[in-house]
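Structure first, commentary second.
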Amino acid sequence: MSGVDVPEIQAAYEAVRSDKDETNWLLLSYASATGDKLVLSSTGKGGLAELAENLDDGQAQYGYARVEYANDTESKRIKFVLVIWIGQGTRVMRKARVGFESAAVKKVLAHHSIQVDAHDRNDLDEKDVVARLRRAGGADYNGGRG
C-alpha cells in the first residue's frame, strides 16, 4: 500500500493523539478509483459526528478518532478508534481489497482500542461507540449503562 506512511499522514496521526492539539480525527481516502495509494483527505475538531459527515458513500476510507468520555464525575478517559468505512456505493473490487489493504493502515494508525467497521453513518453514533469502548476497556464503572 503506498502513501500511507507519508509525513503528512504521520503528522495528522500524531495531532489526533496529542493532548495539546485540538484535532480529534483524521480521514484517509484513496487517491484514485483504482490503485492503493492513500492520501490524507481531511482532519477536524468536531469528533465522530464531524468525521461521519466527511465520509463518502462512494468510497472505502479509513478514519482515526480520539474519543473522550467520563466514567463518573471524577474521571475522564481518552481512547482511540479506527474506522474502516465502506460506503454503499463503493465498487465491488475496492470492497474486496479493503480487508487486505486495511492491514497496512493498521500498522500506521496502530494505537486504537476498537475498530469500527462502518457501512452507515449511524455506525459511528458516539453513544454506541463509547459503550463499545467501555466494554473493551474491561472496567465498566457505569453499571453496564453504556
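Numbers here simply count residues along the sequence, with the first being 1. Values below: all heavy atoms of this structure, side chains included; hydrogens, waters and symmetry mates excluded.
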With rounding to the nearest 0.5 Å, note down the distance linking [atom1] in [X] to [atom2] in [Y].
X	Y	atom1	atom2	result
Gln88	His119	CD	NE2	8.0 Å
Tyr30	Arg97	OH	CZ	7.5 Å
Arg91	Thr34	CZ	OG1	7.5 Å
Trp85	Thr90	CH2	OG1	8.0 Å
Ser41	Leu28	OG	CG	6.5 Å
Leu109	Gln10	CG	CD	8.5 Å

Under 3.5 Å, side chain of Gln61 to main-chain N/O of Asp56, donor-acceptor pair present? yes
Any donor-acceptor pair under 3.5 Å linking the side chain of Arg94 with the backbone of Gly35? yes
Does the plane of the ring in Tyr64 sit parallel, tilted or perpendicular to the ring in Phe80? Use 30° and 60° as the thresholds. parallel
Looking at every heavy atom in both [X] and [Y], which two are closest together, and how far apart are they?
X	Y	answer
Val129	Val81	CG1-CG2, 3.9 Å
Ser102	Ile84	CB-CD1, 3.8 Å
Leu38	Ile9	O-CD1, 4.2 Å
Ile114	Ala136	CG2-CB, 3.6 Å
Ser113	Leu133	CB-CD2, 3.7 Å

Test side-chain contact (heavy atoms from CB on, under 4.5 Å) applied to Ile78 and Asp19, step by step: CA-CA 10 Å; Ile78 298 171; Asp19 291 334; 4.0 Å; yes
Check: Leu124 and Leu55 side chains under 4.5 Å, non-hydrogen atoms: yes
Short N-O contact, Asp57 and Arg121, less than 4.0 angstrom: yes
Asp125/Arg132 under salt bridge (charged side-chain N to carboxylate O under 4.0 Å, His left out): CA gap, chis, key distance, verdict: CA-CA 11 Å; Asp125 177 75; Arg132 284 188 60 195; over 6 Å; no
I'd like a table of donor-acceptor pairs (distance under 3.5 Å, sequence neighbours excluded) in which one partner is a side-chain atom from residues 43-52, with atom names and distances.
| unit_1 | atom_1 | unit_2 | atom_2 | d |
| --- | --- | --- | --- | --- |
| Glu50 | OE1 | Trp25 | NE1 | 2.7 |
| Glu50 | OE1 | Lys45 | N | 3.0 |
| Glu50 | OE1 | Gly46 | N | 2.7 |

Within 6.0 angstrom of Lys95 NZ, more than 12 heavy atoms from elsewhere: yes
Going hydrophobic residue to hydrophobic residue with side-chain gaps under 4.5 angstrom, can you get from Val98 over to Leu26? yes
Val39 and Val6: same hydrophobic cluster, using ILVMFWY side-chain contacts below 4.5 Å? no
If the condition is ring-ring contact (aromatic ring centres under 6.0 Å, His included), which residues does Tyr69 pass it with, not counting sequence neighbours? none
